[in-house]
Amino acid sequence: MTSFPAWYFDEFKMAGVAFHDAAQVEVYDRNQTSSTPEKEQALVTRLEISTNHSVIDLGAGTGNFAIQAALTGAYVYAVDISQSMLSYAQNKAQKTGVTNIKFHQAGFLTYQHQDQQVDFVVTKNALHILPDFWKMAALLRIAALLKPKGVFYLRDAIFSFPPADYEASINEWIRRVAKPEGTGWTAKDFEMHVREEYSTYTWIIEGMLTKAGFEIVEASYNTPTYAEYLCIKSS
Ligand SMILES: C[S@@+](CC[C@H](N)C(=O)[O-])C[C@H]1O[C@@H](n2cnc3c(N)ncnc32)[C@H](O)[C@@H]1O
């Protein structure tokens, strides 16, 4: 058991608020249309994940990406801080019959990998849960999980709008994506995201990726409020 200093970030406290029980997880799974099995399968194909590869999914949520990666024959470590998320994902994995996924209740800052370094680390829609100082620590830990030249894929709510336009950009984002109650993520959900979570700018994330030892080989700003990065561990 590793012990952390008294000043260490308590990531377990954070996540408990968001996904406390099975009912919340079920609503989450319904609303999270960016993570359907079809979309995750497309990502697995794009990353060229296949048998003999090892993959860590950090903040794995309800498991769609981890399951699609495991279906290729890759060995997958699905890591999430929320036991409710993991139980839901585990149940889904059982239904598909995949057995090559190991589930771990841990987070970016606490996961202790017991096996060899892996070929891929993926994290989607989760890194924003950490303040920037701790995002940097998380990225350093991610680099340490990867083999030399290993691949890191990051997707998240990351802002590429000009900082001076922050007010209009956030309002426009919420106006564009929020759905009526009961049909998806609502304006309240997005408002809470901006107010209480830690989405930051692309140029900050890019500086951190480089300082953590990654080469950014692809950067896409799909919209002014989402970004994805394909990175290679430099050495
Ligand atoms: C918005 S969900 C994204 C899930 C999935 N990756 C997806 O794309 O649908 C964020 C996930 O991160 C998990 N989480 C929260 N804090 C975390 C932390 N410190 N370390 C790892 N995972 C965390 C939550 O429990 C949740 O499952």
Side-chain angles (χ1 to χ4, degrees), residues 2 4 8-44 46-47 49 55-70 76-93 101-113 120-142 145 152-158 177 184-186 188-190 192-194 196-199 222 225-229:
T2 310
F4 295 99
Y8 210 68
F9 190 78
D10 185 355
E11 51 183 0
F12 282 86
K13 217 183 223 165
M14 292 281 318
V17 179
F19 304 109
H20 205 52
D21 58 31
Q24 278 175 317
V25 173
E26 207 160 319
V27 171
Y28 172 85
D29 199 42
R30 234 187 1 256
N31 287 349
Q32 190 68 346
T33 51
S34 69
S35 178
T36 60
E38 295 72 26
K39 286 179 184 163
E40 301 298 19
Q41 177 53 57
L43 179 59
V44 167
R46 182 176 151 208
L47 295 177
I49 293 173
V55 182
I56 298 175
D57 185 2
L58 286 170
T62 55
N64 285 334
F65 176 81
I67 292 167
Q68 292 304 318
V76 181
Y77 304 83
V79 179
D80 202 287
I81 207 111
S82 157
Q83 190 50 55
S84 319
M85 282 289 198
L86 287 171
S87 302
Y88 193 91
Q90 229 159 343
N91 194 24
K92 244 193 222 179
I101 307 183
K102 230 184 205 169
F103 293 90
H104 296 271
Q105 189 185 14
F108 290 107
L109 302 172
T110 46
Y111 175 58
Q112 301 290 330
H113 191 61
F120 294 86
V121 175
V122 168
T123 185
K124 294 176 294 87
N125 309 310
L127 191 65
H128 65 259
I129 206 78
L130 298 176
D132 283 0
F133 176 81
W134 294 104
K135 285 191 190 82
M136 185 69 233
L139 292 173
L140 288 163
R141 296 184 97 248
I142 288 169
L145 294 170
F152 175 44
Y153 174 86
L154 163 66
R155 179 191 145 83
D156 207 351
I158 303 171
V177 294
W185 302 121
T186 64
K188 277 203 177 83
D189 293 319
F190 287 100
M192 194 196 72
H193 177 98
V194 178
E196 293 175 25
E197 301 186 10
Y198 302 95
S199 275
N222 308 314
T225 46
Y226 282 93
E228 62 171 354
Y229 296 98

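Atoms within each ligand, like the ligands themselves, are counted from 1 in listed order.
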Checklist entry - Where does Tyr28 meet ligand 1, judged by heavy-atom distances below 4.0 Å: at the side chain, the backbone, both, or neither? => result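 Looking at Tyr28 and ligand 1, just side chain atoms fall under 4.0 Å.
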Item to check | Region of Met85 engaging ligand 1 - heavy atom pairs below 4.0 Å | outcome: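 The side chain, only.
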Next on the checklist: Before you tell me yes or no, could you show the steps for Ile49 and Tyr153 under side-chain contact (heavy atoms from CB on, under 4.5 Å), namely the whole-Å CA-CA distance, both residues' side-chain angles and the distance that decides it to 0.1 Å?
Outcome noted: CA-CA 12 Å; Ile49 293 173; Tyr153 174 86; over 6 Å; no
Please list, in number order, the atoms of ligand 1 under 4.0 Å from a heavy atom of [X].
X: Gly61; answer: 4 (C), 27 (O)
X: Glu11; answer: 18 (C), 19 (N), 20 (N)
X: Ser35; answer: 9 (O)
X: Gln32; answer: 7 (C), 8 (O), 9 (O)

Next on the checklist: Please give me the minimum heavy-atom distance between Met85 and Thr62, naming the atom from each residue.
Outcome noted: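 Of all heavy-atom pairs spanning Met85 and Thr62, the closest is SD-CG2, 3.7 Å.
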Item to check | Residues Ile67, Ile101; criterion side-chain contact (heavy atoms from CB on, under 4.5 Å); working and verdict | outcome: CA-CA 8 Å; Ile67 292 167; Ile101 307 183; 4.0 Å; yes
Taking only distance into account, with no hydrogens and no angle test, what donor-acceptor pairs under 3.5 Å do side-chain atoms of residues 133-141 form with protein atoms, sequence neighbours excluded?
from   : atom 1 : to     : atom 2 : distance (Å)
Lys135 : NZ     : Leu130 : O      : 2.9
Lys135 : NZ     : Asp132 : OD1    : 2.6
Lys135 : NZ     : Tyr198 : O      : 2.5
Arg141 : NH1    : Phe108 : O      : 2.7
Arg141 : NH1    : Tyr111 : O      : 3.3
Arg141 : NH2    : Tyr111 : O      : 3.1

Answer yes or no: does an N/O atom from [X] fall short of 3.5 Å to an N/O atom of ligand 1?
X: Ala60; result: no
X: Leu58; result: no
X: His128; result: no
X: Asn125; result: yes

Checklist entry - Relative to atom 13 (C) of ligand 1, which among Thr62, Leu109, Asp80 owns the nearest non-hydrogen atom? => result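 Nearest option to atom 13 (C) of ligand 1, by heavy atoms: Asp80.
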Checklist entry - For the rings on His104 and His113, is their centre-to-centre separation under 6.0 Å? => result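 So the answer is no for these two rings.
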Item to check | Val44 vs Phe65, side-chain contact (heavy atoms from CB on, under 4.5 Å): CA-CA, chis, key distance, verdict | outcome: CA-CA 8 Å; Val44 167; Phe65 176 81; 3.6 Å; yes
Checklist entry - Short question: side chain of Lys39, backbone of Thr33 - any donor-acceptor pair under 3.5 Å? => result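 Checked: pair present.
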Checklist entry - Going by atom types alone, do Gln24 and Ser84 pair a side-chain donor with an acceptor below 3.5 Å? => result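 Gln24 vs Ser84: no donor-acceptor pair found between side chains.
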